[in-house]
Amino acid sequence: MKDVLFLARTHVITAIRERITLFWFLVFPVFMLVLLALIFGQIGQEGEINLDVAWVNRDAGGSDPGGFTAAVETVFEQLGTPQASGQLPLFTLHRPDPGEDLDAFLEEQLTALRRGRWDAVVVLPSGFGEATYARITGTAEPGEGAPGVSVYMSETSVASEMAAEIIEQVLGEVDREILTRAGRFDPSLAVESETVWVGASDEETRYVDFLLPGIVLMGFFVNGLFGVPGAILFNRDRKVLRRYWVTPLSVPRYFAGFALGHLALCGLQFVLLYLLGRYGFGATISFARPGAALTLLLAAVTFMAFGFLIASLARTANAGMATANILNMPMMFLSGMFFPVGGLPAFLKAVVYANPVSYLVNGLRLSLGVESASFSPGLLIGVPLGWIALSVVVASRKLKWDVER
Amino acid sequence: MSALRALIVSEARILLRDRMALFFTLAFPLIFILIFGFLMGDIGDVSQASMGVFVASGADEDLLAETLSTAGSMSIERFESLAAMQEAVVDREVDFALSWDGTELRFFYDASRVQENFAFQQVAAGLSSDFDLRRQGAEPVISVEPIDVGEIESTGWFHLVLPGILAFSVLSSGLFAVSGHLTAMKERKVLDRLIVTPMPPVALLAAIVVVRLVIVYASTLITLLVGVLAFGLRYDVSWLRFTVFVACATVGTMGLGTIIALVVRRPSSASNVANVLAMVMLFLAGIYFPVEFMPAFLRAISEGLPLTHMANAMRYATGVMDMAETEFWAITFSFLGIAVVLFPILGRYVVRPLRR
């Protein structure tokens, strides 16, 4: 037993000393957690998102009997002001200097929008105030439509699409306010609108709670995919393993020590990621549930076995690393770990169904109550176990524990 | 000149025999666009979304139908019971759902669709507001006219992802070409044999450059073609800009690769360093995730990465993003400048046998 524990310790220390292993083992999952939490965690949260919007008021100085032009301008000014200290305003407003040529200014702003520097350009048309007043007082010409506010956006930019949607909603609110003041709309008679969350939880899942289990599994996956073939094949090719075999150490005992060390690494990885998720990003999920703990153990073992499968099929360490590199991204992204996979075509769905990561990700999130079941309970356990069995069979037949003489 | 020709021929043979290098250069970008094309094609695109609708008996249905008719191309599926509709949301048969009992509108969302619910909620807010106005017979006094400033029809974020993947493919080929290949030659002692010949160090780098340029250009063309044929993406490619940019960016990133080859001696370590750098840049350069949503400090880092500028230049060359013409050429010639400066200076240090 002592030799097994010694080997496990050696494996952990070697992995931590190897800078590249440390990168894939710890830095990369932390990097992904921070990056994705910062990008997707703040979408739609007030005070966290800031959009560059150019504001062109062609009706400034024109007749505005109802004060509508001024009202719309005030609303945009408010959106360009932070709601609390330390928060960003929703919009950073770019406005022409007093007396600046509006056509030239607009042309400049549209160029900035096309070049991705601005997210939207809003143009309040000339005569807006008067036309709105005419519609409210019923003095508008028959058939004359509502005065249109032009919202220029770029469909190739997600931020621009979001800015346009927000502006549309803001103008919708302004519209209701005008109608209310004109006595045409009674907010007290407005239909109640309720949001109901269904599925794994009866409240909205926080992004970091959804992300953290995926990142933990990504860490385990990368650890198994790169760490296992890396350690076994490089040690074999550099004849480190040969030195073990001249001692009384047997392959099963070496394997036991290696596996124990690998699981210890996964445990360490889990603790570090969990602490970062909880204290760095406010994750609230608790992994202290039997289902979650068993799924994590199953995942660590499945990915380790998968690493041995690669080590068995690759002739050299470099070939093993190349194979791991090829499999890494497709297996990660075709599992639902980061993006939904429901809309994929059949040939990619086949990859999702064959991919053990899909079942482990869904199983872990299901056990944590942040996702509903995409697979039956039998498949959630059966498919990873099937991969373990396949890997064990292939590794026991094909894995060479020493370089050929 | 004949020495350079011989080196080019031998480099071409080495590359064509190296199945792994060929795979990473030619097939890897294709795998990426196939995965991400389908994966990201409709994220956030509510026009492709489906909504379940359940109207309780006795509730006024006509006004709701009138409101829903303004929901654009979003598909509407009607349900006979509330339970069946909720189940459809959980099973993702519909993206979200709406029930109307005559007094209250209830919108149902799958709690775990954290990346998509925001867009569905925006649609729901619009429908709810429109329904409210119709019920009270009020007509909007302000209309909003969204105008797309893009010069070609966009199919969403993936339209920008593909040129980004092309830029990444150029970057990784360039970085690995010198760092991985040259250090491997050192380790196999092939370089030792070449160095004792009258071959100037820059000639070997030039041969690697010529062969990689051809293969990278072919790879970008194939990837672009697959994007067009498989996903119906339309690009207005300026072939002059595209060709000059691919050539300059390839040699420029190879120049950056010589720095790695200079600093890191072992081939596996050099490839690892190149891999780590490429991976970090991939996620920070706005290739997969929009830079606009990143916090200010990450945006600043992103601005400093060569891949960010490569992706933007590639988007400009393929006609999906606007950019000042001077900016495009400044980026392009910066990469050429990196190569012109780094190759002669570093060539003599990099093309050396492995120190023992």
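In the text below, chain A, chain B and the rest are named by the order of the sequence lines, each starting its count at 1. Note that the structure is a prediction, hence the values are computed from the model and not measured.
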Problem - Salt-bridge contact B/Glu303-B/Arg299 (side-chain N to carboxylate O under 4.0 Å) - result: no
Exercise for the section: Look only at the side chain of A/Asp52 and the backbone of A/Asp119, and say whether a donor-acceptor pair between them is shorter than 3.5 Å. Expected result: no
Practice task
Indicate yes or no for a side-chain donor-acceptor contact from B/Thr318 to the backbone of B/Arg315 under 3.5 Å, with no hydrogens or angles considered.
Solution key: yes
Practice task
May I ask you to name which of A/Ala317, A/Ala131, A/Ala182, A/Ala159 has the most heavy-atom pairs under 4.5 Å with chain B?
Solution key: A/Ala159
Handout entry: Close contacts, residues 325-333 of chain A versus chain B, judged by heavy atoms under 4.5 Å
Key = A/Asn325, A/Ile326, A/Met329, A/Pro330, A/Phe333
Exercise for the section: Select one option (side chain, backbone, both, neither) describing which atoms of B/Arg106 are under 4.5 Å from chain A's heavy atoms. Expected result: both
Handout entry: Expected output: side-chain B/Ser302 to main-chain B/Leu284 donor-acceptor under 3.5 Å
Key = yes
Exercise for the section: Answer yes or no: is there a side-chain heavy-atom contact under 4.5 Å between A/Val198 and B/Tyr109? Expected result: no
Problem - chain B contact via A/Ala190 - side chain, backbone, both or neither, heavy atoms under 4.5 Å - result: both
Exercise for the section: Using non-hydrogen atoms and a 4.5 Å limit, figure out which bit of B/Ser129 sits close to chain A: side chain, backbone, both or neither. Expected result: both
Exercise for the section: Please flag which part of A/Phe338 lies under 4.5 Å from any non-hydrogen atom of chain B: side chain, backbone, both or neither. Expected result: backbone
Handout entry: Portion of B/Asn312 that has a non-hydrogen atom of chain A nearer than 4.5 angstrom
Key = neither
Handout entry: Toward chain A, the part of B/Leu282 with a non-hydrogen atom under 4.5 Å
Key = side chain
Problem - A/Arg117 versus chain B, the contacting section by heavy-atom distance below 4.5 Å - result: neither
Completion exercise
Highest number of heavy-atom pairs under 4.5 Å with chain A among B/Trp100, B/Tyr316, B/Phe23, B/Phe96 belongs to B/Phe23
Exercise for the section: For residues A/Glu194 and B/Ser99, determine if any side-chain heavy atom of one lies less than 4.5 Å from a side-chain heavy atom of the other. Expected result: no
Problem - A/Arg315 side chain vs A/Gly320 backbone, donor-acceptor pair below 3.5 Å - result: no
Problem - B/Ala324, part contacting chain A, at a heavy-atom distance under 4.5 Å - result: both
Fill in the blank from the handout: One option among B/Ile31, B/Leu298, B/Val280, B/Val89 has the most heavy-atom pairs under 4.5 Å with chain A, and it is B/Val280
Completion exercise
Assert top hit (heavy-atom pairs under 4.5 Å, partner chain A, pool B/Glu327, B/Glu87, B/Glu145) equals B/Glu145
Exercise for the section: May I ask you to check if A/Arg365 and A/Phe210 form a cation-pi contact, with NZ or CZ under 6.0 angstrom from the six-membered ring centre and within 45° of the axis? Expected result: yes
Fill in the blank from the handout: Under 4.5 Å to a heavy atom of chain B? For A/Phe23 that would be side chain
Fill in the blank from the handout: So, the part of A/Met321 with a heavy atom under 4.5 Å from chain B: the answer is neither
Exercise for the section: May I ask you to decide if B/Gly126's main-chain N or O and B/Asp130's side chain share a donor-acceptor pair within less than 3.5 Å? Expected result: no
Exercise for the section: Answer yes or no: is there a side-chain heavy-atom contact under 4.5 Å between A/Leu110 and A/Leu106? Expected result: yes
Practice task
Go through the atoms of B/Ile142 and report whether side chain, backbone, both or neither lie under 4.5 Å from a heavy atom of chain A.
Solution key: both
Problem - A/Glu371 and A/Asn362: side chain donor to acceptor below 3.5 Å - result: yes
Problem - Donor-acceptor contact below 3.5 Å, side chain B/Ser128 vs main chain B/Ala124 - result: no
Handout entry: Structural part of B/Leu133 lying under 4.5 Å from a heavy atom of chain A
Key = both
